[in-house]
Each structure stands twice: as structure tokens, then as C-alpha cells.
Amino acid sequence: MDALLNVILTPSFFYSILRVTTPIVFAAMGMVVANTAGIPNIALEGIMLIAAFVGMMTSALSSSAWIGLLCAILSGLLCAGILAFFTLYYRTNVILGGIAINSLASGGTVFALYLFCHDKGTSASVPSGVLPQVKIPLLDQIPVVGEILSGHNILTYLAFLSVIAVYILLKRTPLGFHLRAVGEDAHAAESVGIHVMRVQAVALLISGFLASLGGAFMSMGYVSWFSRDMVAGRGWIAIAAEAMGCSHPIGTALTSLLFGAADAFSNAAGVLGWPADLVRTIPYCVTLVGLILFSVRQYRRSNHKRRKAQNQPAAKPVG
Amino acid sequence: ACSTRDPAQTGGTSSATPAPTAQTGSYTPKNGESLNLVLLVPGLLGDKSFFDATNSAMDLIQSELGAQVKTVEMGTDQTKWYPTFVDYCEDGSYDLILTVSDSVNDTLIQVAEEFPEQLFINVDATMTDVPDNVYAMLAKMGEMSFLSGMVAAKKAEELGVNQIGFVGGLDIPGINEFLIGYIDGAQHVNPDIKVAYSYVGSFTDPSKAKENALIMYQDTQIIYTAAGASGLGVFDAAKEFTAKGEPRFAIGVDTDQAMSLKDSDPEAASLIITSSIKNIPQYTCDAVERFLNGEIPWGTNEMLGLKENGVTIAKNEFYEKLLSQESRDYVDAEWQKVISGEVTPLDTVGMSTEEVEQIRQAAKP
Amino acid sequence: MNRERSFQLLRTAVSLLIALAAAYVIIFLISDTPLEAIRIFTVGPFDSKRHLGNIVEAAIPLIFSGLAMAVVFQASLFNLGAEGIYYISGAVVSLVAIFYSMPAGIHPLVIVILGGVIGAAVMAIPGVLRAKFNASELVTSLMLNNILLGVGLWILTNFMRDPETGNQISYKFAETALLPKIVPGTRIHFGLIIALACVLLTYLFLYRTKWGYEIRMTGINRDFARYSGINTAKVIIMAHLVSGVLAGMGGAVETIGLHQRFEWTALPGYGFDGAMIAMMGGNHPLGVVLSALFVAYLRVGADMVARLSDVPTEMVSILQALIILLVSAERFLHTYRQKWIEKGVKHGRAA
Amino acid sequence: MEHISKIYGNGIVANEDVNFNLKRGEIHALVGENGAGKTTLMKILFGMEKPSSGTITLEGAPLEMNSSEDAISHGIGMVHQHFMLVNSFTVAQNIALGIEPKKGLFVDSAKVNDFARELGEKYHFDIDPTAVVGTLPVGIKQKVEILKALARGARILILDEPTAVLTPQETDQLFAELNVLKDLGHTIIFISHKLREVKAISNRVTVMRNGRSVGVYDTDELTEEELSAKIVGWEGGGELEKAPCTPGEVLIRAEHLSYYGGAQVPVLDDVSFAVHAGTVLGVAGVQGNGQVELVELLTRARELEQGRVEINGMDISRQKVRALREGGLGYIPEDRLRQGAAAGASIRENLISCSYYRAPVSGPAGLLSNEQIDAFTRQSIADYEIKCGSGASKISMLSGGNMQKVVVARECSGQPSVLIAEQPTRGVDIGAARIIHQKILSLRDSGSAVLLISADLAEVMKLSDAVVVLYDGRIVAYFPDVSAVTEEELGLCMLGLQRHAPERIQEVTK
Ligand SMILES: Nc1ncnc2c1ncn2[C@@H]1O[C@H](COP(=O)(O)OP(=O)(O)OP(=O)(O)O)[C@@H](O)[C@H]1O
Ligand SMILES: Nc1ncnc2c1ncn2[C@@H]1O[C@H](COP(=O)(O)OP(=O)(O)OP(=O)(O)O)[C@@H](O)[C@H]1O
Ligand SMILES: [Mg+2]
Ligand SMILES: [Mg+2]
């Protein structure tokens with residue numbers, strides 16, 4: 001236990017939480033936007049994977065991490081565009097479309113990896129770009145806080161900025177209004193001449209954009225190469241985080257952090273020799289328990305309200 | 001003909017006798033011209049481990065022995081393996097069907113019995129009842145990890161620390177053989193040395209491996225990784241620590257990972273002391289040569305350890321740079337002792353979960 | 001109405017053709033022997049009894065998971081838990097297959113029933129959480145999948161790993177535990193009969209019993225169900241339990257049908273396959289059988305082309321993506337559909 | 001609009017060679033039975049549906065429309081029959097949706113509110129721009145809908161059954177507002193099944209039958225009876241016969257019902273009444289005065305807070321919905337799409353939702369009997385003249401009126417001893433309404449107790465034996481004999497301008 005605390009009560013542990021959370025936050029924000037427009041995007045996992053690959057490949061070809069990032073984003077937009085085309089225009093079931101994109105990504109990236117560097121495992125033999133880490137002046141002078149908050153990859157900061165951006169987008173901008181209206185009542189939106197399909201397509205594109213940033217982080221920030229299936233379920237975790245965060249940007253960011261913390265904890269516990277098979281379930285258990293507690297509380301609260309109302313003194317004596 | 005590598009680099013003596021070429025062998029290929037071989041991989045290439053190594057063995061066999069070769073990935077779904085084997089057996093034009101790893105054993109035995117005329121070689125497996133038309137070889141992972149353990153312990157000695165680490169892919173026997181051999185080798189140098197260990201939980205999640213290593217590197221200077229593609233994360237973590245001015249080192253596995261990263265990531269490569277390697281390409285090519293000469297002991301499972309030159313560690317520029325001459329001499333000397341039988345590393349093959357648990361707990365910091 | 005249905009068939013056929021054509025183009029681009037590869041891909045699965053058998057045996061687990069997903073989907077519940085259930089059910093029944101000896105006929109029976117019970121027990125968790133507290137079953141089931149994988153691996157490592165092998169696999173199952181093969185020359189096993197029985201039972205359950213009626217009405221309109229006096233909480237739990245039984249049985253059947261040991265070290269993927277198959281089959285048991293067979297055919301074809309020619313296996317997933325996108329594209333060709341229907345109406349008027 | 005035909009994807013011919021023209025500044029009524037194709041024609045005019053053939057000409061120029069956006073840009077606005085409002089948005093946000101005033105990149109929420117307020121003032125619509133739409137009564141929602149269309153500069157305004165959910169007073173107010181609009185130069189298309197309203201407001205009327213237009217008439221030329229005959233295609237109809245009532249024991253008894261639902265002020269305040277076997281008690285009232293809550297309490301869609309309800313002698317707080325239904329409760333809900341029907345299921349499946357679980361529909365081992373279901377379906381389709389392909393077609397393919405008949409058929413099939421009928425003929429054409437009214441009366445005659453909640457005063461007066469008026473959550477008036485009251489009297493009570501003495505109201509609990 002002491003050993004565990006020694007590992008956990010360090011700035012680098014909290015630093016690692018932010019790093020672990022980065023790709024999840026991106027994808028979860030993507031899900032928030034898509035879900036708000038009533039079109040759940042479960043292709044996040046695949047989009048991240050494709051973006052991770054494309055980012056690696058193009059940065060290797062161009063020797064520029066920024067071009068890599070740009071191409072990763074374009075690939076994310078392209079995937080989301082394909083998904084939008086089929087699910088919105090051709091009315092493919094959106095869940096099926098997501099499964100299809102995920103399938104395309106898991107096979108397609110390995111296939112492309114093989115064509116690109118004759119290796120079906122990783123691209124480590126090819127030098128590819130890494131996005132810079134940012135030392136925040138002043139902040140990095142502060143002892144503990146600086147160590148935790150400064151020196152992250154630029155995408156980590158972008159991830160948390162994206163939370164604010166999504167919040168403003170949804171609450172303050174006309175597009176956000178349209179997204180919400182379409183998600184809540186597509187007919188109502190249509191009746192005022194909002195092009196429902198177009199708005200949903202934009203939502204999917206935004207979510208593809210955000211997920212592609214998460215993917216780029218995987219291969220160009222977190223580590224500096226691509227390896228098969230490297231997203232390893234983070235897209236699904238993001239979907240869980242979004243559901244637990246009730247589609248609200250801030251709530252979703254918090255649940256993503258919760259998950260990141262549990263993941264960082266499981267890493268620490270794993271290093272200390274806890275049973276590996278069980279330790280790896282910690283983040284999922286935490287999410288599950290968190291969700292249960294959250295739901296029970298919601299349930300209680302609604303019950304409580306009802307009971308409170310019952311106990312209220314009658315406006316007129318009964319009888 | 002198969003041992004194209006400089007034998008000096010491997011440290012041990014090659015067991016391969018100068019081999020005759022395919023044409024001069026006593027075996028006549030089925031199609032009358034060249035040898036026709038297929039490798040059935042029970043999984044997917046890109047594991048950076050025995051699948052990839054066996055695949056490169058096929059290239060070697062093609063270039064050295066002029067054989068026709070083909071590699072087939074059977075995928076991770078075990079139920080697909082049997083039909084694949086049967087397709088190739090029914091084809092009937094293959095002189096030899098090669099395959100690799102333990103996971104395929106059940107299928108191999110079943111198929112071998114159904115097609116007694118077909119010959120099979122499993123290039124890296126433990127098999128108890130080997131059918132008469134099958135020959136199995138096994139590279140002793142424990143012994144190559146024994147070398148890594150010695151290297152790690154010597155490096156720790158040089159750094160003046162008493163702890164080394166290990167990051168595995170999954171907590172499974174195949175990986176624990178690496179761990180136990182490693183612990184054994186390290187304790188051979190320093191009986192009191194502590195070995196921290198952890199498992200990534202996946203062979204394909206380098207980011208998670210990096211997280212593991214970043215934690216472990218906080219109080220450990222050297223980490224040996226046996227985690228497939230995830231292992232790359234460990235090198236990345238070493239690089240990150242070193243960049244902060246706290247030098248950290250790693251030992252790779254399966255292929256000479258320092259050399260393969262040298263161009264793409266020189267900083268990471270310069271922190272990899274060595275890599276423990278199975279000589280699969282060489283000994284597989286040797287085996288095919290022996291097959292041509294009619295020297296294969298069908299129906300047996302041969303163990304290939306340090307003595308048989310089945311395993312080795314990489315001795316490259318980084319090894320020389322990162323480990324002192326004195327330590328390297330020590331490793332070579334002990335290596336010879338293993339070959340001569342003076343030193344016997346622990347036999348890790350078929351070790352029970354309890355034994356593994358006992359050994360790794362005892363060495364835990 | 002009939003005209004609409006025939007258009008539906010036509011559209012499906014056209015989208016299949018397009019998907020196949022796309023596959024052929026890919027094959028042409030990457031293969032040195034494209035014609036041979038295309039031949040293998042297209043007719044290979046039908047060229048021998050054994051290959052036909054491969055289709056059927058590959059379809060069996062898909063049928064179970066497709067049925068399991070169809071039941072929850074019919075209740076408008078989005079639960080992807082079949083994935084984890086396959087795994088844990090396989091792991092636990094393996095213990096029984098290894099360590100208990102029973103008469104030949106009884107042993108598999110016990111195992112399949114046990115699988116069903118495990119599946120139901122696991123599915124009860126998201127079911128109850130959803131019914132009682134309205135916790136998203138999508139999230140709970142996704143989380144459970146990963147937890148069950150960890151627990152299953154732990155069981156495998158600590159209770160049944162075969163130390164004779166260097167791999168993460170269990171001891172061999174007892175001979176009595178295995179499902180008998182029923183078609184000589186193939187590996188088609190008794191699981192097929194169980195699967196078809198489940199198809200029939202699921203059909204009857206969903207469409208001919210009052211419980212199925214409750215599930216479907218709850219799925220279509222929960223307010224309506226509540227208004228009609230249906231206890232929707234009970235229905236949600238019931239749908240989960242039935243789905244769990246089907247998935248659990250699928251896991252057990254697959255484990256003792258085609259395997260001789262427990263050898264999964266990762267989630268086997270049947271949960272997502274099941275979702276795909278259920279949706280392609282319109283959440284109808286018969287549709288599930290058809291789409292399971294079709295997906296199995298594609299996979300066997302792709303496996304064959306990967307193993308017999310130079311096209312890599314990864315092509316399957318690309319192809320699968322194309323087919324899913326096109327086949328389920330409801331409005332694909334819809335302009336033609338409108339014309340087709342208008343023409344039909346005019347013909348009808350003229351006659 | 002000339003030679004418009006529309007064939008839906010399911011092969012239904014909704015419009016066939018329809019000609020329809022509109023003169024500037026007129027109010028043009030569009031009438032016809034359920035499923036006659038009125039809505040479809042209007043959706044085509046509004047760009048939401050593409051016609052299979054035919055042309056639309058606006059002020060001499062041919063009009064090619066791909067979406068409602070195009071229609072709006074041509075100055076056409078439509079108020080749909082089912083509300084098209086985003087419930088979680090405020091009134092102002094709903095009105096401004098799609099044409100939001102901006103400040104930089106952001107929505108200028110102050111301007112949004114001002115815009116809505118100014119618009120309301122301009123057209124004399126009394127609305128609170130900041131109210132959340134989901135909490136508003138239907139009458140206000142209807143106004144928001146109209147403002148929405150006007151906000152987009154609609155010169156042609158399509159109103160699809162705007163009065164179906166309104167009280168007479170609200171309708172009168174709406175008509176006043178429509179006349180203002182007409183005077184401002186707007187052209188209005190008005191769809192309704194209530195011929196009195198058609199007579200009152202419109203200049204011309206187009207009659208549709210079976211997807212074809214039967215003719216265009218000046219409203220003044222026709223009497224209500226003539227119009228009615230044009231719609232159904234035959235003469236006749238006549239008054240409903242209503243036998244004198246023979247009250248029996250009390251089957252519904254509500255005592256001191258109060259309900260807050262989390263709010264500070266009661267939604268229902270000490271409501272007590274009793275309904276006897278063989279009688280119809282009508283509940284009149286402007287929507288939003290507690291009717292919805294009352295019904296939901298009686299049917300256990302909400303938990304009772306204070307007070308007690310007995311139905312057929314059962315204390316309902318101890319019963320589940322199923323037990324209530326078992327005990328003889330039938331319930332025709334207000335919102336057929338939300339509660340009354342499973343839109344994705346077939347007609348036959350919708351017909352058995354009350355009886356599926358017990359004999360004879362459910363046989364041994366829970367198996368449903370197809371023969372029983374088919375027989376019952378055939379019977380219902382025949383009895384209620386439900387226009388449909390077959391019992392196996394989806395209920396969502398039916399027009400609203402026919403859907404309602406399915407609901408009524410189901411609820412009345414078990415000869416319920418207690419029937420709660422909430423807006424039973426909302427948006428239903430005359431023929432269908434007649435069938436439904438007859439059914440309700442025949443239930444009453446066979447000894448059932450009926451509680452009728454309706455915003456349609458004519459309906460309340462036609463069917464009820466006695467009437468209570470609900471105002472602000474309280475019963476403010478009780479008329480033991482309907483034949484002795486006038487609509488005006490009732491209307492005054494509904495608006496809270498007239499109240500009866502507590503002693504008189506007390507009578508209703510007897
Ligand atoms: N989207 C649709 N798809 C298929 N059929 C439809 C669709 N909309 C309407 N219909 C059918 O077209 C016919 C005409 O419907 P429409 O809505 O135009 O009638 P209506 O005159 O508005 O009837 P009501 O008075 O009940 O509103 C009906 O039979 C209806 O079932
Ligand atoms: N997409 C659709 N598919 C099938 N049927 C439809 C579809 N859309 C509408 N309908 C049917 O067509 C009918 C007319 O559509 P609409 O929404 O205009 O009803 P409505 O005019 O409000 O009906 P009512 O006046 O009877 O209340 C509806 O009753 C509905 O059942
Ligand atoms: Mg209509
Ligand atoms: Mg209507």
C-alpha cells in the first residue's frame with residue numbers, strides 16, 4: 001500500500017492522468033457534438049486509428065509533424081464524411097455505419113502499414129514526426145502544479161481547450177443551436193428550413209475532426225510511431241464517458257478525467273505487481289461503478305423530489 | 001549456407017556444419033525441380049517476434065537453398081487453422097509444411113495424423129507426443145533471457161543500483177519464461193538483485209507500455225521488455241527520462257531492436273543495451289538443409305539453447321558503448337560456461353504458474 | 001407491397017454486386033494473379049463439401065450472437081454485451097469441460113445450459129441497472145466486456161492453464177464434453193442443431209408469445225407499452241436475460257464445438273458481429289440466419305483467398321465495411337425505387 | 001398547383017391530378033375526410049414532399065422546390081398539425097431558430113428575445129418570449145407556430161388543423177388574429193374538420209376526396225350540410241340519437257385530489273367527483289387547467305400525492321396499470337402517437353395490446369392465437385370502418401383519423417365498465433367522429449361509466465349527461481343536466497368568469 005501511495009502521490013502521476021486522458025477527451029467531445037445532433041458516431045475508434053496512421057505516414061513522408069497533423073485531420077474528416085454520406089444520404093443505420101468504419105480502419109491501417117513500411121506490426125522503423133511539448137512560462141516555475149500542468153504535448157492543451165470550444169459552440173453559436181434543435185426534434189428544425197441532413201453532416205465532420213486529433217495524439221504525441229490497433233479501445237471508452245457525462249461537454253470532460261485517473265492508477269498498480277489480468281479491468285470497473293452510483297443518485301433524486309412534493313403541506317386541509 | 005551472419009557476432013560457436021546445397025542433397029523435391037515450402041503462421045505477421053522471424057527464415061531458405069517459399073497468415077481465430085492446414089495438405093505439392101509456436105500444436109497433431117504422408121516442422125514449440133511425420137524445435141527463451149539478465153545486472157552494477165525491471169505483454173507462460181530466465185541471469189550475477197515487473201495487458205498498446213515504463217523507471221534504471229509491439233513504449237519512456245537528464249536503459253527482445261531503430265529513432269536506439277534474440281532464421285534454414293540430407297529426427301522435439309546456438313543476444317555498437325569491456329567479458333565467460341555445462345540456467349519450459357509466482361515474488365523489490 | 005419487396009431484393013442484389021465489384025477492383029490492384037484470386041474468393045467456398053462446411057461452422061456462433069442482439073434490439077436496447085459473455089461463458093464452461101467427467105450425451109448438454117445460465121447472469125447486470133436506475137446499457141455492457149475479459153483471463157491463468165505448453169491455453173477438454181460432428185467430412189457439429197432450434201424458439205418467442213409481444217411493443221414505443229399495462233422494467237430485464245441466455249449458449253457451443261481447449265486470449269469479436277448481423281437481418285431470427293450465412297461465406301472466401309493467393313487477410317475487413325455500408329443503405333437507389341413503385345401503381349391502374 | 005399527383009414510397013396514391021389555386025389575400029379552406037390527401041398536398045406546396053408529377057406556379061412563375069427551405073424563401077410558411085417545436089428551447093429561440101440574430105460568431109440572445117417580442121406585438125399575439133416551450137399550453141404553442149412562420153416572412157400561410165386542440169374562445173381569438181393577418185395582405189390556407197369554423201373564417205373552400213379535388217366553392221354558396229355532403233360524397237348523417245340515461249352505482253370516485261408535481265402551486269386542488277354507471281361525465285375546460293394531470297392520476301401514469309381514487313371499487317393507489325385495466329378500465333389517450341399506438345407495429349398488434357396476455361388471445365404456454373387476433377382485427381376494421389390495406393400493415397401508414405379509430409376499437413373492445421376518453425375525436429373527420437361518438441354512447445347505454453375530457457365543447461355537450469368545468473386545477477362549475485346549458489354559459493365558466501357555489505359543486509360527488 002505504501003509503495004502504491006509512493007507512486008500515486010507524485011506530480012508525475014497526475015501529469016500522466018492528463019496525458020492518458022487526452023485522446024479520450026478528444027473522442028468524447030466528438031461524441032458530444034455528434035450525439036447532440038442526434039447522430040451517435042460510434043466510428044470514433046476507427047477514425048482515431050486511421051488518423052493515427054495517416055498522421056504518422058504523412059509526417060514521415062513530409063518530415064513535418066504539422067503536415068502530418070493536417071493530413072490526419074483531413075483523413076478524419078474524410079472518414080466522417082463517408083460515414084455521413086452513407087448514414088445521412090443513403091440512410092445506412094448509423095450504428096452499422098460506425099461498425100463498418102471501425103472494421104475498415106482495423107484492417108485498412110494494417111494493410112496500408114504493410115504497403116508503407118513492409119511491416120504489419122509497427123512503423124517504428126520509419127522516422128515520423130512528433131508534435132512539440134509546450135512548457136508554459138511562469139506556470140512551470142511553480143513547484144508541484146507546474147510539474148503537473150506544464151510540459152504537455154500541445155495536443156493535450158488543445159484537448160482541454162476543445163472542451164471549452166465545444167461548450168461555446170453548443171451553447172452560444174447559431175450552429176450549436178441548430179445542432180441541438182436537430183438532435184432534439186428533427187422535424188421541428190426542418191419546419192423552419194434548417195437542412196437537417198446538412199447539420200448532422202456538419203456534426204459528424206466536427207466529431208471526425210476531434211477524433212482525428214485524438215488519433216494524431218496517439219502516433220505523434222503519446223508515442224512517435226504507429227502500431228496496429230494502437231487506439232486499443234479508447235474510442236469506446238470515450239463513448240462511455242460521453243454517456244456518463246450526459247452529453248454535456250463539461251460533465252463528459254470530467255468523466256473522461258475520471259477514466260484517465262483510473263487508467264493511470266491501473267498502470268501504477270500493474271507496476272507494483274498486482275495480478276495483471278485483474279488490474280487491467282480497474283478503469284472499466286471504476287467507470288461501471290461510477291455509472292451505477294451516478295444513475296442511482298439520479299434515480300434517488302427524482303424519487304426524493306416526488307416524496308418531498310408529497311410531504312408538502314396541502315394548500316387546503318384535506319377532509 | 002544458412003548461417004549468413006557473422007558467427008562471431010553471436011558469441012557462441014555455430015553448430016551448423018558446412019551444408020551442402022539443395023541440389024546436392026539426397027532428397028528429391030516432389031515437383032522434381034526445386035523444394036516447395038509453405039509456412040503457416042498461426043496468427044498475423046508484424047508481431048516482431050517468432051512469426052516475423054520465421055517469415056524471414058523463409059526468405060533465407062529461398063535465397064540460400066533456392067526453394068520456392070510461401071507464407072500464409074492464418075489469423076488469430078484458432079478455428080480457421082485446421083481448414084488451412086487441410087487445404088495445403090490436400091494440395092499435396094508441398095515438400096514441407098512449416099509452422100511455428102505452441103498454439104498450433106493441437107491442430108498440427110490432428111492434421112499430421114490425418115495426412116501421414118505430409119511432413120511438418122514446427123520451428124518453435126514444445127510438444128510432448130510428436131507424431132512421426134513432425135519435427136519440432138524449441139528455442140530456449142529462458143537461456144537468452146538469462147543472458148539479458150546478466151547484462152542488466154552488470155549494467156546495474158556499473159550504475160551502482162540494485163534493481164532492474166521487466167515489462168511483459170501479458171501475464172502468460174510464454175512471457176514469464178522471459179521473466180524467469182531474466183531473474184535467474186540477474187541473480188547469477190548478484191543474488192540480492194531486485195527485479196520489478198509489470199504487464200501491459202496487450203501486445204499492441206505501446207502507449208500503455210510507455211505508461212508502465214514511465215512509472216517503473218522512476219526507481220529502476222534498466223528495463224527488459226518482452227511485449228511485442230508494445231515494447232516500443234518502453235524505449236520511448238527511456239528516451240523521455242534520458243532527455244530530462246536521468247539516463248535510463250532498455251533491453252529489447254526478438255530482433256536486434258537497437259539496430260532496427262537506429263535510423264528512425266537514434267536516441268532511443270542508443271539506450272538499448274542489447275536485445276535477446278532467437279536464431280530462428282538460421283536454425284530453421286539449417287533444419288531444411290538437414291531435411292535435404294535426410295538428417296531430421298522425425299518424431300522428436302529438440303531444444304535449442306545457448307549451446308545449440310538456438311538463442312543469442314545482440315552484440316552491436318550500442319552494446320559495446322553501453323556496457324563496459326569488463327562486463328562484456330564477464331558475460332562472454334559465463335556464456336561459455338553455459339555452453340560447456342558448468343552453469344545451468346533454470347529450465348523455464350513448462351514451469352507451473354505457482355513456481356513462476358514464487359520466483360518473481362522472491363525477487364520483487 | 002410486393003413490388004416494394006421485390007425492389008428491396010433487387011437493391012440488395014445490386015449493392016452486393018457493387019461491393020463485390022469493389023472487392024474485385026481491390027484484388028486486381030494488389031494481386032499478381034487476380035483472376036485466380038477472384039475465382040477463389042467467389043466460388044472457393046462452394047468448391048468442396050469441406051469448404052461449405054466451413055461456411056456453416058463459421059455461421060453457428062454468428063447465429064447465436066445475431067439472435068442475442070436481435071432480442072435486445074427489438075426492445076430498443078443497445079447492448080453490446082454479447083462480446084464479453086462469449087468470453088466468460090467460454091472460460092467458465094471450459095472448467096466444467098476439463099475437470100468434470102460426465103456421460104457423453106449429458107456433458108455437452110450441461111455445458112450448454114451452464115453457458116446459458118452464465119450469459120443470463122451477466123446480462124442481468126446491465127438489465128437490472130437499466131430497468132431500475134436507467135443506467136445506459138450501452139456503457140455498462142461495454143465496460144462489462146472488458147471486465148469479463150480480465151476475469152476470464154484470470155480464470156484461465158490461475159485455474160486451468162496447461163503448463164505443458166508455453167501458451168496461454170487451458171488443459172484439453174474431456175472427450176465427453178465435445179459436441180459431436182454431425183456431417184462426415186466437415187467439422188459441422190451438433191451446435192448447428194442447437195442454433196437452429198434457438199432460431200425457431202427465438203422466432204416463436206418474439207412473434208408468437210405474449211412475452212415477445214411485450215418486448216416488441218416496449219421496443220417500438222415505451223410509453224405505449226406502459227399505457228397498455230406492460231411492466232416495462234420487467235420487460236427490459238427479460239429481454240436482457242433471453243439475450244444473455246442466447247449469447248451464453250453461443251459461447252459454450254463455440255467453445256466445445258470447434259475448440260479442444262479454451263484458447264481465447266482476447267475478446268472473440270462476436271458481440272460486434274452479432275450487432276451487425278442482427279441489423280442486417282432486420283432483427284428477425286430468419287434474417288439473422290441469412291445474414292450470418294452470408295457473412296460466414298464472405299469470411300470463408302476471404303480466408304481462402306488470403307491463404308491460397310497473395311491477397312492479404314486484411315482485405316476482408318475492408319470488404320466487410322463496404323458491404324455493410326452498401327447493403328444497409330436504405331435509400332441507395334431510392335430514385336429508381338420511387339419510379340419503380342410509381343410505374344407499378346400506374347400498371348395497376350391501367351389493368 | 002396543377003395536376004399534382006403524389007405516390008408515396010409504400011405505393012399509396014395520396015394525391016391524384018389535383019388542381020388547387022389560391023388568390024392573394026384570401027382565406028382558403030381545405031377540407032376532406034381523413035386520408036383525403038390534404039396534408040400531402042400542403043407538404044408538396046411547402047417543399048417537404050416532391051410531387052410525382054404536376055407543376056406549381058407562384059405569381060406566374062413556375063416553382064421548383066427541393067426542401068422547405070426553398071418554400072420559405074418564396075414566402076410560404078406552414079403550421080403543421082403536430083407541433084414542430086423544440087421543447088427545451090424558449091419561445092424566442094424557437095421563433096428565431098434558423099434566422100438567429102448574431103453578434104460576431106455568437107447568437108445575440110438579447111436580440112433574439114427582442115425580435116420575438118416585437119413580432120408578437122406587431123401581430124397582436126400575446127406571448128412570453130422567455131418561456132420554455134415544453135411547459136406551455138397547446139394554445140400558446142399554436143401561436144408560437146404561427147409566429148414562427150410569420151417571422152420568416154410568410155405571405156402564404158398554411159395552417160394544418162390549427163384549431164383541433166383549441167377551445168372555442170381560443171379559436172375565436174385565433175380567427176381574430178387570422179383576420180388581422182388577412183387584412184395585412186397575407187394569404188391563408190386553413191385545414192379543418194370543423195365545418196362551422198370553415199364557414200366562419202374562409203372565403204373559398206376546396207374539397208378533397210380520395211386524393212382528388214372535388215371542387216372549389218365560395219364559402220357563402222354552401223351550407224354546412226351541403227359541404228358535408230361534398231366531403232363524404234353522399235347526403236345524410238343526421239343527429240346522434242341519445243337515449244335518456246339510467247344512472248347506476250358509482251364506478252369512478254375521486255376524493256380530494258390535489259397534485260403538485262414538484263411545483264409550488266397545486267396543479268390540481270381538492271378535486272372530487274363521482275361518475276355513475278350508465279352516465280357520461282364531461283370535463284370541460286381550457287387546456288392546461290389540470291385535465292392532463294387528472295387523467296394521468298386516474299390512469300396511474302402519475303403517482304397520487306393527496307387524495308384517493310376508486311375505480312370500480314378498487315383503491316387505485318394500490319394497483320398497477322395492468323390490474324386497473326383488468327378491473328374494467330378503458331382509456332382513450334389524448335396523444336395517440338405518444339401513448340395510444342406503437343407506430344412501428346401493425347394494426348393487428350396495436351389492436352391486442354389490452355388483451356394479448358389473457359385467453360382467448362393468449363393460449364396455453366403464452367402462445368398467441370393468430371386466429372383469434374385475425375378475427376378480432378377483421379371485426380374491428382369492419383365495425384369502425386378503418387380504411388387500411390390490411391390488418392398487417394403498419395399503423396403509421398394510416399391517416400390520423402383512422403389511427404384514432406384503431407385506438408378506440410381497442411379500448412372499447414373489452415366492454416370496459418369504466419371508460420376514460422381524452423379528446424377522443426381530435427383531428428378526426430366527421431364520419432369517423434360519428435362512429436366514435438356512437439361507440440361511446442353505446443358503452444354508456446350498456447352500463448359503463450364514461451369520463452369524457454374534451455376541448456371540443458360541441459362534443460362535450462353532445463355526449464355528456466353531466467358536465468364539470470375545470471379551471472385552474474379546481475372544479476368551478478357543475479351542470480347536472482347538459483341539455484339545460486348553453487355553450488356560452490360553459491365558456492364563461494371555462495374562462496373562470498363564472499363559478500358555482502361549493503354546495504352545488506358538492507353535488508357531483510353524490
Ligand atoms: N409519408 C407517407 N408515406 C406513406 N403514405 C403516406 C404518407 N403520408 C401520408 N400517407 C398516406 O397518404 C394518404 C393521404 O394522407 P394525407 O395526410 O394527405 O391525408 P389528410 O387528408 O391530411 O388526412 P387527415 O385528415 O387524416 O389529416 C393517406 O392514406 C396516408 O396514409
Ligand atoms: N413516413 C411515413 N410513412 C408512412 N406513413 C406516414 C408517414 N408520414 C405520415 N404518414 C401517415 O400519413 C398520415 C398523414 O400524415 P400527417 O402527419 O399529415 O397526419 P395528420 O394530417 O396530422 O393526420 P390527422 O389530421 O388525421 O391528425 C399520418 O396519419 C401518418 O400515419
Ligand atoms: Mg392531414
Ligand atoms: Mg390531419
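The chains referred to below are lettered A, B, ... by the order of the sequence lines, with proteins before strands, and numbering in each begins at 1. The structure presented is a predicted model; accordingly, all values stated were derived computationally and were not measured.
Checked by atom type and distance alone, the side chain of Thr92(A) pairs as donor or acceptor with a backbone atom of Leu325(C) at under 3.5 Å.
Residue Thr140(C) touches chain A through both its backbone and its side chain, counting heavy-atom pairs closer than 4.5 Å. Within the 4.5 angstrom heavy-atom criterion, only side-chain atoms of Phe86(A), from C-beta onward, approach chain C. Neither the backbone nor the side chain of Leu322(C) comes within less than 4.5 Å of any heavy atom in chain A. For Leu142(C), the part sitting under 4.5 Å from any heavy atom of chain A is the side chain, from C-beta outward, and nothing else.
Classified by interplanar angle (parallel below 30°, tilted 30° to 60°, perpendicular above 60°), the ring pair Phe133(C)/Tyr299(A) is perpendicular.
Under a cut-off of 6.0 angstrom, the local environment of OH in Tyr114(A) is sparse, with at most 12 non-hydrogen atoms contributed by other residues, nucleotides or ligands. The neighbour count for His187(A) NE2, taken as heavy atoms of other residues, nucleotides or ligands under 6.0 Å away, does not exceed 12.
Listed here is the closest heavy atom pair of Ala275(C) and Ile99(A): CB-CD1, 4.0 Å. Across all their heavy atoms, Ser103(A) and Ser317(C) have their closest contact at OG-O, 2.8 Å.
For the atom pair CZ (Phe73(C)) and CD1 (Ile95(A)), the distance works out to 7.5 Å, reported to the nearest 0.5 Å. The CG atom of Leu291(A) sits 7.5 Å away from atom CG of Leu129(C), with the distance rounded to the nearest 0.5 Å. Note that NZ of Lys132(C) and CD1 of Ile292(A) are 15.0 Å apart. Values are rounded to the nearest 0.5 Å. Atom CE in Met143(C) sits 6.0 Å away from atom CZ in Phe259(A) (nearest 0.5 Å). Distance OG1/Thr157(C) to CG/Leu278(A): 9.0 Å, rounded to 0.5 Å.
At a heavy-atom cut-off of under 4.5 Å, chain A is reached by Leu144(C), Asn146(C), Ile147(C), Leu149(C), Gly150(C), Val151(C), Leu153(C), Trp154(C) from residues 144-156 of chain C, listed in order of number.
By the 4.5 Å heavy-atom criterion applied to side chains, Met276(C) and Leu96(A) are counted as neighbours.
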